[in-house]
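Presented below is the structure to which this report refers.
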Amino acid sequence: MMFFSNVVTLQWGSGGVSRTGLLARTSRGFALVLLVGAVSMGAFAQTAPEVARTAKVVPVDGNAAGDAPDDPGPLARGLSTELKPKAIDAAIKKVADWQVAYAEPHFNKQWTFAALYDGLLAASKTTGDLKYRDAVLHLAERSDWTLLDARFPHADDQALGQAYMDLYREDSQPVRMADTKAIMDRLIVREDDPNKLLWWWCDALFMSPPVLSRMYAITKDRKYLDYMDHEWWLTSGSLYSQEEHLYFRDSRYFMQKQANGKPIFWSRGNGWVMGALVNVLRIMPVDYPSRPKYVAQFREMAGELAAIQSPDGLWRSGLLDPESYDLPEVSGSAFFTFAIAYGINEKILDRKTYLPVVEKSWKGMLGHIYADGRLGSIQPIDGQPGKFKPSASYVYGVGGFLMAGSEMHRLAASKH
């Protein structure tokens, strides 16, 4: 997800991030922030400068994606933290029921909702309750099964394609994949720009690669997988730290430091990557030449995340400086839980080593569910570590939680 240079830092603020350093780049950038800030906090948080000048592009609707009320009510009581399918399903349904009731009138085609749709589809498969899947289906039908396409080849606008493709695999009506395929077909013949990566921010790996891998699964045409593979390793070569086994959000953070002097590695950004690795590995053939590289990166990241997990089971917004953040960050934590549980289920990760990690993280997330089903402690739209209210709830974090629940259910079923 893209955003103006300097904008997010000023809008949201963040412990450990040098706001002065970002501001000092240009006074012009500061003037721009004042202009957009008057419109809507976070509205342009992920839009590149050249895109913002394009009239057809609709700014991200941050208000539709979530909120952070001063009084969200009491926390939920009675949710069991036992690693049993029935207990896990109860938590999934409580959160999914609230989210659909609260957000369905605002469902749209923007990247913010894409992970929620993936989570709702997973929730229906796990619990057997089709109302979550139906909510996504209704959105797809209202949208004529089309993607946003005003700023091609922007990965964020392709993220919804994963839900479309999963629904197509359930019922192969041509209309369900036609528009997504047309856009993917344009993408894979695009020539690389030697001066700029296609996926230059790590979040993009969650948005486009899973769509390309699904297109391969449906058509059996390896050109989609080969293109995805080529672009993935270009991005990884730039943003993946071989020392820390984590992804920088983008190149602006190579030299920036947290308050404790350590590099800035954003929780949700790395969560997007872990979720993307799951979505790619689920489909990539076992004999695909570079599959071992994805598995190796997955294991490296999982090992680092296990090593820095906080005592409450969750991870902070700035992964290497947890002391700078009062609250855990649930969206990143949810994607980590999803990925590590998947790794255990698929025998990519050692069960004895990693089962305690996801048991702690699942229990930790349940402690942020409110009585009505709101899932809190989710960082608002941003592109770097930041602070937020305990009540903050945003749809992408809920999507991550529902996907985590689906893998935790699998894990519990295999355990019992």
Side-chain angles (χ1 to χ4, degrees), residues 79-80 82-101 103-104 107 113-141 145 159-173 176-177 180 206 209-211 213-218 271 274-284 331 334-348 358 362 365-366 369 373 375 395-416:
L79 285 174
S80 173
E82 288 187 295
L83 195 61
K84 293 182 178 180
K86 185 176 180 180
I88 293 167
D89 288 359
I92 290 173
K93 289 176 68 65
K94 186 173 186 67
V95 171
D97 286 346
W98 176 82
Q99 189 66 80
V100 170
E104 188 171 14
F107 278 11
F113 278 85
L116 174 63
Y117 303 148
D118 301 337
L120 290 172
L121 293 177
S124 280
K125 288 182 180 179
T126 298
T127 67
D129 191 334
L130 293 181
K131 66 183 175 185
Y132 312 123
R133 171 257 190 199
D134 289 346
V136 182
L137 179 61
H138 296 157
L139 175 279
E141 291 171 341
W145 300 91
L160 177 55
Q162 180 174 322
Y164 286 168
M165 293 302 91
D166 286 344
L167 288 168
Y168 175 86
R169 293 165 80 187
E170 184 180 285
D171 181 359
S172 54
Q173 298 179 41
R176 295 189 174 193
M177 72 172 288
T180 301
F206 184 87
V211 183
S213 64
R214 280 160 174 75
M215 195 61 65
Y216 157 77
I218 291 168
M274 288 295 280
L277 282 164
V278 172
N279 283 325
V280 169
L281 287 171
R282 276 178 166 170
I283 290 172
M284 182 174 281
S331 65
F335 283 112
F336 299 152
T337 304
F338 165 56
I340 294 173
Y342 167 84
I344 300 170
N345 286 328
E346 296 299 319
K347 297 180 173 58
I348 296 172
V358 292
W362 181 252
M365 289 192 293
L366 295 188
I369 299 174
L375 178 64
V395 290
Y396 39 78
V398 172
F401 175 84
L402 298 177
M403 286 185 273
S406 70
E407 286 298 328
M408 292 301 292
H409 177 110
R410 284 182 66 202
L411 192 57
S414 67
K415 181 178 180 181
H416 297 281

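If you're wondering where the values come from, they're calculated on a predicted model, not measured in any experiment. Side chains included, hydrogens not; waters and symmetry mates left out as well; all remaining heavy atoms used.
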Exercise. So, do Y168 and T180 sit near enough that their side-chain heavy atoms are less than 4.5 Å apart?
Worked result: no
For this session: Determine the minimum heavy-atom distance between A334 and G400, stating which atoms define it.
Result: CB-C, 3.5 Å
Problem set entry | Test item: H409 side-chain N/O and G405 main-chain N/O as donor-acceptor pair under 3.5 Å | no
Exercise. Is it true that a side-chain atom of D97 and a backbone atom of G373 form a donor plus acceptor pair closer than 3.5 Å?
Worked result: no
Exercise. Just by modelled atom types, is the D166 backbone N or O under 3.5 Å from a matching donor or acceptor in the R214 side chain?
Worked result: no
For this session: Could you check if a side-chain atom of R133 sits within less than 4.5 angstrom of a side-chain atom of L167, using non-hydrogen atoms only?
Result: yes
For this session: Might you point out which heavy atoms bring Y342 and E407 nearest each other, and give the distance in Å?
Result: CA-OE1, 3.4 Å
Problem set entry | Heavy-atom side-chain contact between I88 and W362 under 4.5 Å | yes
For this session: Report yes or no: does S414 contribute a side-chain atom to a donor-acceptor pair with the main-chain N or O of L411 at less than 3.5 Å?
Result: yes
Exercise. Considering only heavy atoms from C-beta outward, does the side chain of F107 approach that of V395 to under 4.5 Å?
Worked result: no
Seminar exercise, completed: Closest non-hydrogen contact found for A87 with E82 is CB-O, 3.7 Å
Exercise. Just how far is it from atom CZ of F338 to atom CG of D118, taken to the nearest 0.5 Å?
Worked result: 8.5 Å
For this session: Can you spot which of L137, V100, L121 makes a side-chain contact (heavy atoms from CB on, under 4.5 Å) with Y132?
Result: V100
Exercise. What is the distance from atom CG of L402 to atom CD1 of I92, rounded to the nearest 0.5 Å?
Worked result: 7.0 Å
Seminar exercise, completed: Looking only at heavy atoms, the pair that brings V211 and Q162 closest together is CG2-N, 3.6 Å
Seminar exercise, completed: Taking every heavy atom of V358 against every heavy atom of A341, the minimum-distance pair comes out as CG1-N, 3.8 Å
Exercise. Between atom CE of M284 and atom CG of N279, what is the distance when rounded to the nearest 0.5 Å?
Worked result: 12.0 Å
Problem set entry | Over all atoms of both residues, closest heavy-atom pair of L79 and A91 | CD2-CA, 4.2 Å
Exercise. Roughly how far, to the nearest 0.5 Å, is OH of Y164 from CG of L139?
Worked result: 6.0 Å
Exercise. Nearest 0.5 Å, what's the OG-CD1 distance between S172 and I218?
Worked result: 9.0 Å
Problem set entry | Lys/Arg N to Asp/Glu carboxylate O, E170 vs K125, below 4.0 Å | no
Exercise. Say you draw a straight line from CG of L160 to CG of L116; how long is it, rounded to the nearest 0.5 Å?
Worked result: 11.0 Å
